[in-house]
Q: 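First the structure, then my questions, so here it is.
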Amino acid sequence: MFEYIPLLTILIWVPVIGAVLVLCTGSDKNANWARGIAVAVALANFLLCIPLYLSFDPGRYDMQFLEDHLWIRAYQTHYALGIDGISLVMVILTNFTGLLVVIAGCHSIKMRVSQYMAAFLTMQGMIVGVFCAMDAILFYVFWEGMLIPMYLSIGIWGSANRSYASIKFFLFTFLGSILMLVALIYLYNQTGTFMIQNFYGLPLDLKTQIWLFLAFLLAFAVKVPMWPVHTWLPDAHTEAPAGGSVVLAALMLKLGVYGFLRLSMPITPMACQTLAWLMIILSLIAIVYIGLIALVQSDMKKLIAYSSIAHMGFATLGCFMVYDIVYHMHTLQDAYMSLEGAVIQMVAHAFGSGAMFLGVGLLAERLYNHSRLIKDYGGVANTMPIFAAFFMLFAMSNVGLPGTAGFVGEFMVIMSAFQTHFWVAAAASLTLILSASYTLWMYKRVFFGPVGNEHVAAFSDITWTEKVNYILLTAGVFFVGLYPQPIINVLRVTVGHLLLQSMPPELVMNLPTKELLF
């Protein structure tokens, strides 16, 4: 019944309109109005995801909730929106995260409140736009549009080195995207349209596909981020306000993996198969090497930032292991598990890392000098027992404890990798040891270690607004950890169709049936 209502346009532009309304509240004298409007807009957007989910048909692999209007006639550019199963999951995650960030900002942000809320509402709308765009230029506009509010959030509400971190973030992500634009223009010249669906199945030779893949790779690898273009992330996380860190971890890092799924794999399947070994190696470096770097961090935010890179390595590993799985096994069965595991890992990482970043921001806000150094804390569980209990849950999810969200995606990727490459699966499994080491080491010293600062004894436990955020995140952690089937049901047919689009013709010919599982 909602197919003919422009739900996607509403989800994109209501936050942007809300941002304008929030800015109209003016100075901090009207901060409560700004907070109220921002929460109302974010909540309305999240509630709109309910009819979106209920009206979505998981048995279809084509795009749903289609909107298509000619935008720029001369270049056949369209304002074209649509979602499949992967997009639906990410749109819901974006609006859920946006609501949490706005609620958290109501308590933590005291300066330029209206501008802060407007920046994050705008960012939310732009990110939803990326997940819904079916036109390449529209995709690129939303992709770049989200950089500006994030740049401002780091540069205005960040810590001491915020200027350096915000400029580094902007330059890395913006310059990485330029080659993506070049690749999209090349594809336009081949097809005469910017509609992304028309790029799929384009008969391109291997050399051309490799060049296009490398152009996409730089843009998406910076966003994930993958080694060695990951260096902007620890600085951005360290200096960003808590809300900025949550959006970076929960949403922006996912855009890189989404780019691989939406553009790289179906447009350049032969290049993906040829260079799958490179992507697997880079993913394993992120999982193992970056995990080792996290072990020696003294700053809590940097530790969680490096942890994010390691965990996102599972998502990229799941995407590109499918080529070896299909090549060796001649079946899509385990490839399904690999790609579904990659998407579920993105969702799980959003809950775990996002919650931990909120927690670190909460602790720094309570300390007189806003330090994030582990040595400046200790004994926090004595004064903040409720917060300590919540943080322990999110730490366990970060470790990958069975029953929590962090376990499901990693388990699915490792299981599928095990079918063809024992040593790849074994190397990826090291993250379970490494993440347990650095996460529990941090938790022990911060919450149960000797008191490193007398001010910790004066800490107050979390407020009711902070409890609301943590209860919502706890629900997400247990929902994905204990019953991920609703997500898998939404993904199943979409992933199957994506796999067939992303396989070179010779691999598809060897499959027992092209209609496998859908």
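Small disclaimer: the values here were computed from a predicted structure and weren't measured.
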Q: Under a 4.5 Å cut-off applied to non-hydrogen side-chain atoms, are M384 and L362 in contact?
A: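 Touching, per the 4.5 Å side-chain cut-off.
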Q: Please check if any side-chain donor atom of T238 sits under 3.5 Å from a side-chain acceptor atom of D235, or the reverse.
A: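 No, because no side-chain N or O of T238 sits under 3.5 Å from a partner of the opposite role on D235.
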Q: Compute whether any side-chain donor of one residue and acceptor of the other, for K301 and S245, lie under 3.5 angstrom apart.
A: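 Short answer, yes.
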Q: Would you tell me whether W232 and T173 have side-chain atoms, one donor and one acceptor, within less than 3.5 Å of each other?
A: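 T173 and W232 do not have a side-chain donor-acceptor pair below 3.5 Å.
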Q: Answer yes or no: is there a side-chain heavy-atom contact under 4.5 Å between L253 and I309?
A: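 With C-beta onward as the side chain, the pair stays apart.
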Q: Tell me, do L147 and F169 make a side-chain contact under 4.5 Å, heavy atoms counted?
A: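 Of all side-chain heavy-atom pairs linking F169 with L147, at least one is under 4.5 Å.
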Q: Do F65 and S55 have side chains that get closer than 4.5 Å, going by heavy atoms?
A: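 Counting from C-beta outward, F65 and S55 do come under 4.5 Å.
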Q: Take K375 and D299 through the salt bridge (Lys or Arg N to Asp or Glu O under 4.0 Å) test and state the conclusion after the steps.
A: CA-CA 9 Å; K375 67 181 180 62; D299 184 304; over 6 Å; no
Q: Go through I414 and F314 one step at a time and tell me if the side-chain contact (heavy atoms from CB on, under 4.5 Å) criterion holds.
A: CA-CA 9 Å; I414 291 172; F314 269 95; 3.6 Å; yes
Q: Name the atoms and distances for all side-chain donor-acceptor pairs under 3.5 Å in residues 385-400, with sequence neighbours left out.
A:
from : atom 1 : to   : atom 2 : distance (Å)
S397 : OG     : G406 : N      : 3.2
N398 : OD1    : S307 : OG     : 3.3
N398 : OD1    : H311 : NE2    : 3.3
N398 : ND2    : S307 : OG     : 3.3
N398 : ND2    : T439 : OG1    : 3.0

Q: Taking C-beta and beyond as the side chain, do K254 and V257 meet within less than 4.5 Å on heavy atoms?
A: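 When only atoms from C-beta onward are counted, V257 and K254 do not touch, as no gap falls below 4.5 Å.
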Q: Would you say the side-chain atoms of T94 and Q124 include a donor-acceptor pair closer than 3.5 Å?
A: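 No, no side-chain donor-acceptor pair sits under 3.5 Å.
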Q: If you define the side chain from C-beta out and look only at heavy atoms, does anything of L263 sit under 4.5 Å from F139?
A: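 They are in side-chain contact.
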Q: For the side chain of S353 and the backbone of A350, is there at least one donor-acceptor N/O pair under 3.5 Å apart?
A: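 Checked: no pair found.
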Q: Can you find a side-chain donor-acceptor pair between R60 and T494 that sits under 3.5 Å?
A: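 The answer is no; no qualifying pair exists.
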Q: How close do S502 and P269 get, counting heavy atoms only, and between which atoms?
A: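 Residues S502 and P269, closest heavy atoms: O-CB, 3.2 Å.
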Q: Taking all non-hydrogen atoms of both residues into account, name the closest pair between V130 and Y258 and its distance.
A: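 Nearest pair, atom of V130 first, then Y258: O-CE2, 3.8 Å.
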Q: Side chains of S371 and Y377: is there a donor and an acceptor less than 3.5 Å apart?
A: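 No, no side-chain donor-acceptor contact under 3.5 Å.
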Q: If the test is ring-ring contact (aromatic ring centres under 6.0 Å, His included), which one of F170, F174, W157 qualifies with Y151?
A: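 That would be F170.
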